[in-house]
Amino acid sequence: MWGVGTEGHLSGCPKMDCRAFRNSHVAFVDDTLPGVEHLAMEEHLSNCRSCAEHDARVRRSLMAARSLEPITPSSEFSSRLRSRLDAERVRLSTPVPLMRGPSLAVFAATAAALVAVGALAIELQFEEAVPQIEPRLPTVIASVPAVPETLFASSSALAAAVSTSAPIWSLAYVADQMPIRFATARLEEDSRER
Amino acid sequence: MSDVATVGSTELLSGAAIRGELKAKDDAALVTAYLAGEERAFDELVARYQTRLLNFIYRTIGDRERGEDLVQEVFVRVYRHLHRFDRSKKFSTWIYTIASNLAKNELRNRARNPLVLFQAIKQNWQDDDRPVQFEDTASRPDDLFRKRHLRELVEEAVTKLPGHHRQVFVLRELEGKSYEEIAEITACNLGTVKSRLNRARNAFAALIEPHLK
């Protein structure tokens, strides 16, 4: 508690070093230390001349400081304070307007800004009213897609390819063409019925 | 005519009685009375604190005239904000906190403004022109002069302390505030207050001790 190297003492309190004494000196002078610590401080004082001199020096100087006579306010202090407080009272009693009216300059600036914004809005509106020319695109007419001739043209070759275990790509090609084939057949059938 | 005189004396008596009652009240009760509409309660608070605050500020900034201005400012601020004062706290701590802040601002402004600093120093020179300042106390038999000389030495030693040490020193040694109150007034923790006070006391002793032998 009072620093490294403390030893047992005759009074039962640990021996205090000078640094610890100086650190606790404020509370010692003000008599706010717990009893045990106070005793240890007194014990140290009786054994340490340097700290005893320090203690006496501080106490003497504090006595000099505490003997200072207080200064008193000047004669006009009260009257000056009264007039300041009166002014403050008036200021506080004057109702503060909820919303202060704008000054003429602020009003003029606001009006000018509103006119400018209005003019800009009208300008933009006219710009939007200009007719826009839409591009004309050619008419799209549905027609029967051209049927590739490859299937029937190569049917014999296909049969040969199947029988000779030729690569499978040609079958894949036929499968790919099947939807077109069905659609074409349907369209031809419809036109024939008509 | 006699009726008017009787009424006047009755009013005077009641005024004196009210002032007597107010004197007997503590700070919290005065604040309550003022907020309830008793304007004279504020006068009592002023009477109670004007000298203490003047001494505190004067010892902190070292300028009497400016100290009076700042004390006035403290009371104006108290008047303005008393309705916002937390009545669960100590009034004295609150008013000292306002004074402490104003004194700190004053010291800060002086440090920033060389002209104000120069004026303060010049004023101190003028105060120092009194011959007693330079006379040997041992050769003066008159106790009055010795006391005056000592007072000047003490005041000078206080002003030589660093600002934040000086404030703690004045609050403790001259105003008799507790460590806790000082901590609250200066917005420091308790350890800082004790440490500053220790340093301030040591520095003050070193400054004043040679003149006390």
Side-chain angles (χ1 to χ4, degrees), chain A residues 1-2 16 18-34 37-38 41 45 50-94 96, chain B residues 39 42-43 46-47 50-56 58-59 64-65 67-69 71-80 83 147-148 150-155 157-158 169-170 172-176 178-179 193-213:
Chain A
M1 183 175 188
W2 288 307
M16 178 182 278
C18 295
R19 192 175 172 183
F21 177 86
R22 302 287 170 105
N23 285 342
S24 298
H25 193 246
V26 165
F28 181 58
V29 170
D30 291 337
D31 208 11
T32 56
L33 280 178
E37 286 183 47
H38 194 89
M41 293 285 280
L45 266 186
S50 164
C51 286
E53 280 176 3
H54 172 76
D55 181 65
R57 203 164 45 238
V58 169
R59 285 177 192 271
R60 251 203 319 269
S61 65
L62 290 182
M63 275 178 66
R66 288 166 187 166
S67 69
L68 268 182
E69 286 172 18
I71 58 166
T72 49
S74 61
S75 52
E76 65 267 24
F77 178 86
S78 295
S79 56
R80 277 173 56 209
L81 179 61
R82 198 168 299 121
S83 60
R84 282 195 71 178
L85 290 178
D86 285 344
E88 189 63 23
R89 195 174 294 127
V90 170
R91 197 185 71 82
L92 291 176
S93 61
T94 308
V96 180
Chain B
E39 284 274 336
F42 193 84
D43 296 339
V46 170
Q50 59 181 6
T51 306
R52 292 159 67 180
L53 290 179
L54 177 62
N55 279 277
F56 167 56
Y58 167 60
R59 308 279 180 219
R64 189 183 174 138
E65 269 183 42
E68 284 204 1
D69 290 343
V71 174
Q72 298 225 343
E73 184 60 31
V74 171
F75 284 123
V76 169
R77 289 188 185 194
V78 168
Y79 188 84
R80 198 180 292 160
H83 63 283
K147 274 186 184 173
R148 182 177 158 187
L150 180 62
R151 193 191 68 208
E152 286 168 356
L153 288 170
V154 168
E155 284 181 353
V158 172
F169 183 82
V170 171
R172 177 67 200 161
E173 309 306 341
L174 307 177
E175 301 298 320
S178 68
Y179 300 152
V193 168
K194 287 180 185 174
S195 157
R196 284 182 182 176
L197 186 59
N198 195 25
R199 285 166 190 268
R201 279 178 177 176
N202 293 342
F204 180 76
L207 286 166
I208 204 72
E209 177 65 12
H211 304 283
L212 296 177
K213 284 175 182 170

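In what follows, chains carry the letters A, B, and so on, assigned in the order in which the sequence lines appear, proteins first and then strands, with residues in each chain numbered from 1.
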Do [X] side-chain atoms and [Y] backbone N/O form a donor-acceptor pair below 3.5 Å?
X	Y	value
A:Ser67	A:Ala64	yes
B:Glu173	A:Leu62	no
A:Asp55	A:Leu45	no

> Once the angle between the rings of A:His25 and A:His54 is folded into 0 to 90°, is it parallel (under 30°), tilted (30 to 60°) or perpendicular (over 60°)?
Replying inline: tilted
Heavy-atom distances under 4.5 Å only: say whether [X] touches chain B with side chain, backbone, both or neither.
X	result
A:Ile71	both
A:Arg59	neither
A:Thr32	side chain

Contacting region of [X] [heavy-atom separation from chain A under 4.5 Å]:
X	answer
B:Glu175	neither
B:Leu174	side chain
B:Tyr58	side chain
B:Asp43	neither
B:Arg172	side chain
B:Val170	neither

Restricting to non-hydrogen atoms, name the atom on [X] and the atom on [Y] that form the minimum distance, rounded to 0.1 Å.
X	Y	answer
B:Asn202	A:Val58	OD1-CG2, 3.9 Å
B:Val158	B:Phe169	CG2-CE2, 4.1 Å
A:Arg22	A:Cys51	NE-SG, 3.7 Å

>> Out of B:Lys194, B:Glu73, B:Arg52, return the one with the most heavy atom pairs under 4.5 angstrom to chain A.
In response: B:Glu73
